Amino acid sequence: MKEQVRVRFAPSPTGHLHIGGARTALFNWLYARHHGGTFILRIEDTDRTRSTDAYIEAITQGMHWLNLDWDEGPFRQTDRFAVYRSYVERLLQEGKAYHCYCAVEELEQRRQLALAQGRPQKYDGRCRDLKEAVPGRVPVVRFRTPQQGETVVDDLIRGRVVFDNSQLDDLIILRSDNSPTYNFTVVVDDVDMRITHVIRGDDHLNNTPKQIHIYKALGYEIPKFAHLPMILGADKTRLSKRHGATSVMAYEEMGYLPEALTNYLVRLGWSHGDQEVFSREELIRFFSFENVGNAAAVFNPEKLLWLNQQYIIAAAPGRLAELVVPFLAKQQIITEGQALDMAWLARAVKTLQERAKTLGELASSLRYYIAEEITFQEKAQEKFLNEKSLPLLKDLKEALAACADFSHAGLEPVFKGVVEKHGVKLGAVAQPVRVAMTGGTESPGIYEVLEVLGKEKTLQRLEKAILSIG
RNA sequence: GUCCCCAUCGUCUAGCCCGGCCUAGGACAUCGCCCUUUCAAGGCGGUAACGCGGGUUCGAAUCCCGCUGGGGACGCCA
């Protein structure tokens, strides 16, 4: 029987869910779903000074937004300290770990010295064979890392990576405050949670040999590893705040659709021939490490924006109408709690959706549909609401007043009538009307605009425009 | 500095594993044209890349070595 796939996403709650973390989560999720496996969420909060509950909340919220559902967890490492300590105890008893009494400052000093002298910065092992405790000092526990031979990481993406054990040092597994450290807790948890595939960022590749030694010391089977290429900013350095929005929630606030973000993220490092747009089902069906590249990728906001637009164009107007409401409120186009005719809003959205790259843009373009009063843009007014267009507008208003069918089909002949009577091009009528209706020169097709606005508002705005000329 | 990883258009990438089909394909961005009541969307076309040097081979983007460049890790962070 084939081994059941179990993977995990293990963020530390020291910040929001960021782009890089989201992609790691996504790849884990895809791998689990592709194989019908289990996706586990584990919170690595052993650094108690930097971890907060608020960030745990933020991370799970981000994952919910992205639709990355987990099957087990969230587990918190702080709930498992007793477990880790028992493992530490075991290693201590077996002589595979030892107490180290070196002070933080001393270690830092030695590191600086090593750096200055161009030597490798590694712990010199001076407490390795200590027989007695050092009085007045609270020790840490270090793992006794084998110094001979080499360790091979068989990575699903990188292939075979060999490390010389002599470069590895004795890492601290239990701090002086009795709390365990990352490289130790990952191993213990991955063993306890029966993780079969460790899928994480490239930055962990160097930790892997250390962890492999811990697996071996504990006598456990080593899982498969897959190290994902990093995501870099435009300057090719690690993605950080300097590169602008890195928190996933910031993208929600800017009006991105979660499926657009996940689609973009998955294409950073993964491909399926020439295909750019994928449904969730396709992603799950096609996903495989074989198509994951090994080079780091630069995050390109413009392509994300394009993808978002593609998803907005394809989205159901009704859904977009629901999603756009908070943006309308934020932009004060509606007041908090204002009742909206959602069916009407969906119709309005439909005329605008292929013109919006974000929900924010969609909201602002909705303004003239919703507002009671519109204001004319100065240049637009000068150019189109003048003596030249006045007779056109007057005639059109009269014809429209008599028009019973305010649909595209009903409106078109009315406009055509005015156009023919005056011997002008459609644009000569459409542009002034556009300004009259929207205040500006850009909008959906003029018939669509009138259709959404309705007869009453149309006539009102026409009247206002006519008056503004006189 | 030491170790590890990486290297195709500005960017994301296909091709590389299993050399010839590659005068290197797609997408974003950009430029031009078309469509057109405006703006979009859409269509068509253009500019644009195998980092360098050595091998191996009849033949290399594809295999090997070196260099260069970039990234990452070297924490009582994860």
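The model shown is predicted, which means the values in this text are computed figures rather than measured ones. Chain identifiers are assigned alphabetically (A, B, ...) following the order of the sequence lines, protein sequences preceding nucleic acid strands; residue numbering begins at 1 within each chain. Just so you know, these numbers use all the heavy atoms, side chains as well, and skip hydrogens, waters and symmetry mates.
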Presence of donor-acceptor pair under 3.5 Å, side chain of A:Glu276 and base of B:G26:
yes
Practice item. Using the C1' atom as the reference point in each nucleotide, state the distance between B:C12 and B:C18 in Å, no decimals. Key: 26 Å
Original post:
Which value, in whole Å, describes the distance between the C1' atoms of nucleotides B:U47 and B:A40?
Top reply: 25 Å
**Asked** Reckon A:His227 touches a base, only the sugar-phosphate, or nothing at all at heavy-atom distances under 4.0 Å?
**Response** nothing
- Task: Indicate, yes or no, whether a donor-acceptor pair under 3.5 Å links the base of B:C39 to the side chain of A:Arg355.
- Result: yes
So what does A:Thr185 touch, heavy atoms closer than 4.0 Å: a base, only the sugar-phosphate, or nothing? nothing
key: Heavy-atom check, side chain of A:Thr181 versus side chain of A:Thr46, under 4.5 Å   = no
Inter-nucleotide P distance (B:G54, B:C44), Å rounded:
42 Å
Practice task
May I ask you to say what A:Leu268 touches in the nucleic acid, namely base, sugar-phosphate or nothing, with a heavy-atom cut-off under 4.0 Å?
Solution key: sugar-phosphate
(Q) Within the 4.0 Å heavy-atom criterion, would you say A:Val104 contacts the bases, only the backbone, or no part of the nucleic acid? (A) base
- Query: So what does A:Phe299 touch, heavy atoms closer than 4.0 Å: a base, only the sugar-phosphate, or nothing?
  - Reply: nothing
- prompt: What is the nucleic acid contact for A:Val140, judged by heavy atoms within less than 4.0 Å: base, sugar-phosphate only, or nothing?
  reply: base
- Should A:Glu259 and A:Arg319 count as an ion pair when the cut-off is N to O under 4.0 Å? yes
query: Any idea how A:Tyr182 and A:His204 line up, ring-wise: parallel (<30°), tilted (30 to 60°), or perpendicular (>60°)?
result: tilted
Rounded to whole Å, the CG-C1' distance (A:Leu305 to B:C12) equals 15 Å
#### Entry: N-O pairing of A:Arg137 and A:Glu106 below 4.0 Å
yes
**Prompt:** Which part of the nucleic acid, if any, lies within reach of A:Thr237 when heavy atoms closer than 4.0 Å are counted: base, sugar-phosphate only, or nothing?
**Reply:** sugar-phosphate
* To do: Looking at every strand, decide which applies to A:Glu302 at a 4.0 Å heavy-atom threshold: base, sugar-phosphate, or nothing.
  => sugar-phosphate
Counting any heavy atom closer than 4.0 Å, what does A:Arg50 reach on the DNA or RNA strands: base, sugar-phosphate only, or nothing?
base
Original post:
Contact class for A:Gln275 (heavy atom, under 4.0 Å): base, sugar-phosphate, or nothing?
Top reply: nothing
* To do: Test the A:Arg80-A:Phe75 pair against the cation-pi criterion, namely NZ or CZ under 6.0 angstrom from the six-membered ring centroid and within 45° of the ring axis.
  => no
Give one of base, sugar-phosphate or nothing for A:Gly269, where a contact means two heavy atoms less than 4.0 Å apart. sugar-phosphate
Counting the atoms with a prime plus P, OP1 and OP2 as sugar-phosphate, which does A:Ser176 contact under 4.0 Å by heavy atoms, base, sugar-phosphate, or nothing?
base
* Between B:A49 and B:G25, how far is it from one P atom to the other, in whole Å? -> 11 Å
When rounded to whole Å, the NZ to P distance for the pair A:Lys303 and B:C28 reads 7 Å
Rounded to whole Å, CZ of A:Arg434 lies from P of B:U36 at a distance of 15 Å
Side-chain ion pair, A:Lys303 and A:Glu276, N-O less than 4.0 Å:
yes
Any strand, both distances under 3.5 Å, Watson-Crick or G-U wobble: B:C33 pairs with B:G43
Margin query: Classify A:Pro229 by what it touches in the nucleic acid, base, sugar-phosphate, or nothing, heavy-atom distance under 4.0 Å.
Written below: nothing
Q: Have a look at A:Asp177 and say if it touches a base, only the backbone sugar-phosphate, or nothing, with a 4.0 Å heavy-atom cut-off.
A: nothing
